[in-house]
Structure formats: structure tokens, C-alpha cells
Participant: 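Attaching a single structure in C-alpha cells format; questions to follow.
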Amino acid sequence: MGQVQSTTDKEVALQNIQELYRKFTNECPSGNLHLHEFKKIFGVSSNSPEEELAFIELVFRSFDTNKDGKLDFMEYVAAVNLVLRGKLIDKLKWSFKVYDKDGDGSLTNQEVRRVVKIVTKIKRHDDPKVEEDVEDICDRIFELVDKNKDSQISLEEFIEGAEKDPWLLEQLRLDIAPTDWFIKHQEKTP
């Protein structure tokens, strides 16, 4: 019975990839998804708040694995798969990558503060009652995560901390809007 299930899963996955490809080519006839198209997909425009613009650019750049300023189909599929089907550990690794602006494999207080500030402002737009203080959040994150007290957070510390503490997971995970958008978008047919 397990073999039948895995065959079915492969067929469904292939069908989903074919559907993604069809939608991708309809929306991106050039074969690439550029930042301005990515912003449009998520409803971000030049009139959007500064923090939303900054966040969507962080997300786009994290998915642009070859750093050519556009998402090809494979990068797009990887992004969709991460958002829709990714395991928690994969989403945390992606979040870490977004936080790690200089790509050196560790997070400084400044890097964490930058993302927390953007995310907090976005949360306040969605719910004006959000009263979180960016400095307090960053201090608490480092207190809980920086186990060796070297003022940097490694990927291992990041994942371990997020998996152990629900508040920390909520602060570190960057699953603000992409999942909802991808689900809605997949239900639409052009």
C-alpha cells in the first residue's frame, strides 16, 4: 500500500509542477519573475508602507539563489515548495538566510534588529494593538538564543531556540503573508 501512495504522491507532485509552470509562463512570459512583478503579486506598490517594500525585497532576494535579480522557474518552484510544503526546519533555515544580510552564517544584533523592526511595523499595520518594542524583542531573542554569549547567533542556535520556545518561534519565523497568497493564487485559474 505504501508504494501506491508514493506513486500517487509523485503523480500529484508532477501535476502540480505542470500547473505551476503553466501559471508561471502566463504571468511571466519572459521566463523570469522580476522584483516589480513579485511586488505586484503580493499587492505591494510604490504607495505601500516602507517596511512592506523592505520586507518583500528581503523575501525576493532570499529566493533569488543565483543573485541575478530575477527568479527563474526553478527558483520559483523552490520558493512555492518551501512556503506551501516546507518543513519547519526548512522555513527556519530560510528565515535565517533572510536575517543574515551579509551572508556570513551568523546573525548580529544589527541584522536581527533590522528584520524585527520591519516585521513589527507590518504587524502593527495589520493590528494596531501590537505594542512590541523592537529593542526588547531583540534583547530577548539574544538572551534566549545566543547560548555561547558571543553576541552572534549561529544557524544552530537559531533553529534550536525557535524549536524550544513558542514566543521565539513566532518572532523568528517569517511566515507573514506568503503562505496565504500562494494558497489563494494556486486556487485561481487564469
Side-chain angles (χ1 to χ4, degrees), residues 19-86 90-103 107-138 140-141 162 167 169-190:
E19 179 64 15
L20 277 175
Y21 185 71
R22 187 179 65 76
K23 289 180 178 183
F24 184 84
T25 56
N26 283 342
E27 294 178 21
C28 308
S30 71
N32 294 299
L33 180 62
H34 296 272
L35 179 58
H36 70 278
E37 294 163 324
F38 193 77
K39 287 177 181 179
K40 183 179 174 187
I41 285 170
F42 284 96
V44 176
S45 69
S46 58
N47 298 330
S48 296
E50 180 181 321
E51 57 277 358
E52 288 180 16
L53 288 165
F55 182 73
I56 205 70
E57 287 181 24
L58 287 172
V59 170
F60 179 83
R61 293 193 197 309
S62 74
F63 291 143
D64 181 15
T65 56
N66 64 1
K67 306 297 179 210
D68 65 355
K70 55 193 173 208
L71 301 183
D72 61 29
F73 180 67
M74 293 308 293
E75 290 168 323
Y76 177 75
V77 168
V80 170
N81 187 57
L82 173 71
V83 170
L84 290 180
R85 302 177 76 188
D90 296 323
K91 289 183 178 189
L92 288 172
K93 286 178 182 177
W94 170 72
S95 293
F96 184 87
K97 182 178 172 183
V98 171
Y99 277 93
D100 189 12
K101 182 179 181 179
D102 62 10
L107 306 181
T108 63
N109 197 294
Q110 183 180 5
E111 288 172 320
V112 172
R113 181 172 281 105
R114 180 176 130 262
V115 176
V116 168
K117 182 178 178 182
I118 291 168
V119 171
T120 300
K121 284 184 179 182
I122 291 171
K123 287 178 180 178
R124 282 187 188 137
H125 283 296
D126 294 340
D127 182 4
K129 296 175 188 169
V130 172
E131 295 285 335
E132 299 288 339
D133 181 312
V134 172
E135 295 300 319
D136 289 343
I137 292 170
C138 289
R140 186 167 174 202
I141 287 171
W167 176 86
L169 176 62
E170 180 65 27
Q171 298 305 313
L172 297 177
R173 196 176 59 187
L174 298 177
D175 206 4
I176 294 177
T179 301
D180 293 339
W181 177 85
F182 275 117
I183 290 169
K184 286 179 202 169
H185 190 66
Q186 293 309 304
E187 293 169 355
K188 295 179 184 177
T189 54

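All values derive from a computational prediction rather than experimental measurement.
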Participant: Please collect all salt bridge (charged side-chain N to carboxylate O under 4.0 Å, His left out) contacts where either partner lies in residues 67-83, sequence neighbours excluded, each pair once.
Facilitator: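 Salt bridge (charged side-chain N to carboxylate O under 4.0 Å, His left out) check on residues 67-83 returns no pairs.
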
Participant: Is there a side-chain contact between Pro49 and Leu53 in this structure, where contact means two heavy atoms from C-beta onward sitting under 4.5 Å apart?
Facilitator: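 No, every pair of side-chain atoms sits at 4.5 Å or beyond.
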
Participant: Does a side-chain N-to-carboxylate-O contact under 4.0 Å join Glu51 and Lys117?
Facilitator: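 No, no charged N to carboxylate O under 4.0 Å.
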
Participant: Is any side-chain heavy atom of Trp94 closer than 4.5 Å to a side-chain heavy atom of Val98?
Facilitator: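 Yes. Closest side-chain heavy atoms under 4.5 Å.
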
Participant: Is Lys101 reaching over with its side chain to a backbone N or O of Glu111, donor-acceptor style, under 3.5 angstrom?
Facilitator: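 Not confirmed, Lys101 side chain does not pair with Glu111 backbone.
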
Participant: Please tell me if the side chains of Thr65 and Met74 come closer than 4.5 Å, counting only heavy atoms from C-beta onward.
Facilitator: no

Participant: Got a second to check how far Ser46's OG is from His36's NE2, nearest 0.5 Å?
Facilitator: 12.5 Å

Participant: Using 0.5 Å steps for rounding, measure from the CG atom of Asp136 to the CZ atom of Arg140.
Facilitator: 10.0 Å

Participant: If we only count heavy atoms from C-beta on, is the Ser95 to Leu172 side-chain gap below 4.5 Å?
Facilitator: no

Participant: If you count the non-hydrogen atoms of other residues, nucleotides and ligands that lie under 6.0 Å from NZ in Lys39, is the total more than 12?
Facilitator: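 Yes, because the 6.0 Å sphere around NZ of Lys39 holds more than 12 heavy atoms from other groups.
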
Participant: Do the ring planes of Phe63 and Phe38 sit parallel (below 30°), tilted (30 to 60°) or perpendicular (above 60°)?
Facilitator: perpendicular

Participant: Do Leu58 and Ile118 have side-chain heavy atoms sitting under 4.5 Å apart?
Facilitator: yes

Participant: If you measure from OH on Tyr76 to CG on Leu71, what distance do you get to the nearest 0.5 Å?
Facilitator: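 Reported to 0.5 Å precision, the distance equals 9.5 Å.
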
Participant: Apply side chain to side chain contact (heavy atoms under 4.5 Å, CB included) to Thr108 and Asp102, showing your working.
Facilitator: CA-CA 10 Å; Thr108 63; Asp102 62 10; 5.6 Å; no

Participant: What's the spacing between Trp167 CH2 and Ile137 CD1 if we round to 0.5 Å?
Facilitator: 6.0 Å

Participant: Between CZ of Phe73 and SG of Cys28, what distance do you get to the nearest 0.5 Å?
Facilitator: 10.5 Å

Participant: Looking at every heavy atom in both Tyr99 and Val116, which two are closest together, and how far apart are they?
Facilitator: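 Shortest heavy-atom contact: OH-CG2, 4.2 Å.
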
Participant: Are the side chains of Leu169 and Leu92 in touch, meaning some heavy atoms are under 4.5 Å apart?
Facilitator: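 Leu169 reaches Leu92 side chain to side chain.
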
Participant: State the CD-OG1 distance between Gln171 and Thr120, to the nearest 0.5 angstrom.
Facilitator: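 Spacing of CD (Gln171) from OG1 (Thr120) equals 6.5 Å.
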
